[in-house]
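A short write-up of the structure that comes next.
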Amino acid sequence: MNLPKHIAIIMDGNGRWAKKRGLPRTAGHKAGAETLKKVLTYAQKKGIEVVTLFAFSSENWKRPKEEVQTLMDLFRAYLKEDVKELVKKGIRVSFIGAREKLAPDLREQMNRLESQTADFQGFHVVLAISYGARDDIINAARQLAVKAASGQMTPDDIDETTFAAHLSTTRMPAPDLVIRTSGEERISNFLLWEMAYAELYFTPVLWPDFNETAFDEALESYQKRQRRYGGLENKQKV
Ligand code: FPP
């Protein structure tokens, strides 16, 4: 079975899931957090190596204060309780995104988890919190500019490899498959550089309803894709 090594997921539709049930949006996020646990367990069982999840975007700060607060409380609880379980299972956990915008206690928990699990081999879970791909690309450009201005490197040293080495995703493989739930078909500033050759999969399923069957459907779709990275199929005549 041709499995993607790295799956990136845009967990969308929590709000609509709640609205359909006459519940507050925050109930949708809570249900989404439950789904996340189940999906990670299943992805590990399937032999996926890396899963990156878009939990909170750089643009999500614009949401009403109460919703941002609920999401931050959910992350806090998740890092305290559920991620502990991940650590027990030997899963490596890391984070990407503008950490300086998060509360100090959250940052502390994140740093601790990262260092605790840094050497774990096998399954790797990456949570994108306060993440925006354009921010990440600008940060990389700024670091390179500083190095060039100080003479540590020349502009000619800047290529795909040196650029990628300055992104927050530097030590992970590029995503092979990107899944977005809820029927929206856009990328929304997620892993723009990294998903250059990823296969995209959109499903109408709302994130809290995303289950093993929906996950299997995404994997089946991936298996049917022919990845050519801009080249030609092996046996194709010119
Ligand atoms: C998009 O749904 C989802 C989010 C902005 C947050 C994703 C967060 C979770 C799944 C909660 C748990 C995460 C962790 C790491 C504990 P939406 O609110 O945009 O839904 P809508 O488009 O239907 O309004």
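Every number for a ligand or one of its atoms is a count from 1 in the order of the listing. On a predicted model such as this, the values are computed, not experimentally measured, just so you know. For this chain, numbers begin at 1 and follow the sequence in order.
- Enclosure of atom CG in Asp159 by more than 12 non-hydrogen atoms of other residues, nucleotides or ligands within 6.0 angstrom is indicated.
- For the pair Trp207 and Asp12, the minimum side-chain heavy-atom distance is 4.5 Å or more.
- Ligand 1 has a nitrogen or oxygen under 3.5 angstrom from a nitrogen or oxygen of Arg63.
- A 4.5 Å side-chain heavy-atom check between Val178 and Ile7 finds every atom pair outside the cut-off.
- For ligand 1, one of its N or O atoms has an N or O atom of Arg16 under 3.5 Å away.
- Both tests do not hold together for Arg63 against Trp61: distance to the six-membered ring centre under 6.0 Å, angle to the ring axis within 45°.
- Using modelled atom types, one finds a donor on one side chain and an acceptor on the other under 3.5 Å when comparing Arg16 with Ser182.
- In the vicinity of Arg25, heavy-atom distances shorter than 4.0 Å reach the ligand 1 atoms 17 (P), 18 (O), 24 (O).
- For ligand 1 and Phe75, the ligand atoms under 4.0 Å from any heavy atom of the residue are 13 (C), 14 (C), 15 (C), 16 (C).
- For ligand 1, the atoms sitting less than 4.0 Å from at least one non-hydrogen atom of Asn60 are 5 (C), numbered in the order shown with element in parentheses.
- Remark: Lys37 engages Glu34 in a salt bridge, criterion side-chain N to carboxylate O under 4.0 Å.
- The closest approach between Lys30 and ligand 1 stays at or above 4.0 Å for every heavy atom of the residue.
- Counting heavy atoms under 4.0 Å from ligand 1, residue Leu36 touches it through the side chain alone.
- Taking every heavy atom of Met11 and a limit of under 4.0 angstrom, the matching atoms of ligand 1 come to 1 (C), 2 (O), 3 (C), 10 (C).
- Ion pairing between a basic and an acidic side chain is recognised when a charged N comes within 4.0 Å of a carboxylate O; Lys46 and Asp216 show such pairing.
- Residue Gly15 places at least one N or O, backbone or side chain, under 3.5 Å from an N or O of ligand 1.
- An N or O contact shorter than 3.5 Å is missing between Trp207 and ligand 1 by distance.
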- Task: Begin with the C-alpha distance, continue with both residues' side-chain angles, and end with the deciding distance and a verdict on side-chain contact (heavy atoms from CB on, under 4.5 Å) for Phe75 and Leu102.
- Result: CA-CA 11 Å; Phe75 299 149; Leu102 301 170; 5.8 Å; no
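- Here is the list of ligand 1 atoms found below 4.0 Å of a heavy atom in Ala55: 6 (C), 7 (C), 8 (C), 15 (C).
- In summary, Glu185 and Arg180 do not engage in a salt bridge, as defined by a charged side-chain N under 4.0 Å from a carboxylate O.
- Within ligand 1, counting atoms from 1 as listed, the ones closer than 4.0 Å to a heavy atom of Tyr78 are 16 (C).
- Taking every non-hydrogen atom of Ala33 and a distance limit under 4.0 Å, the qualifying atoms of ligand 1 come out as 12 (C).
- Not a single heavy atom of Ser182 sits less than 4.0 Å from an atom of ligand 1.
- Within the 4.0 Å heavy-atom shell around ligand 1 one does not find Lys19.
- The one candidate from His6, His124, Glu194 that meets the side chain to side chain donor-acceptor pair (under 3.5 Å) condition with Thr52 is His6.
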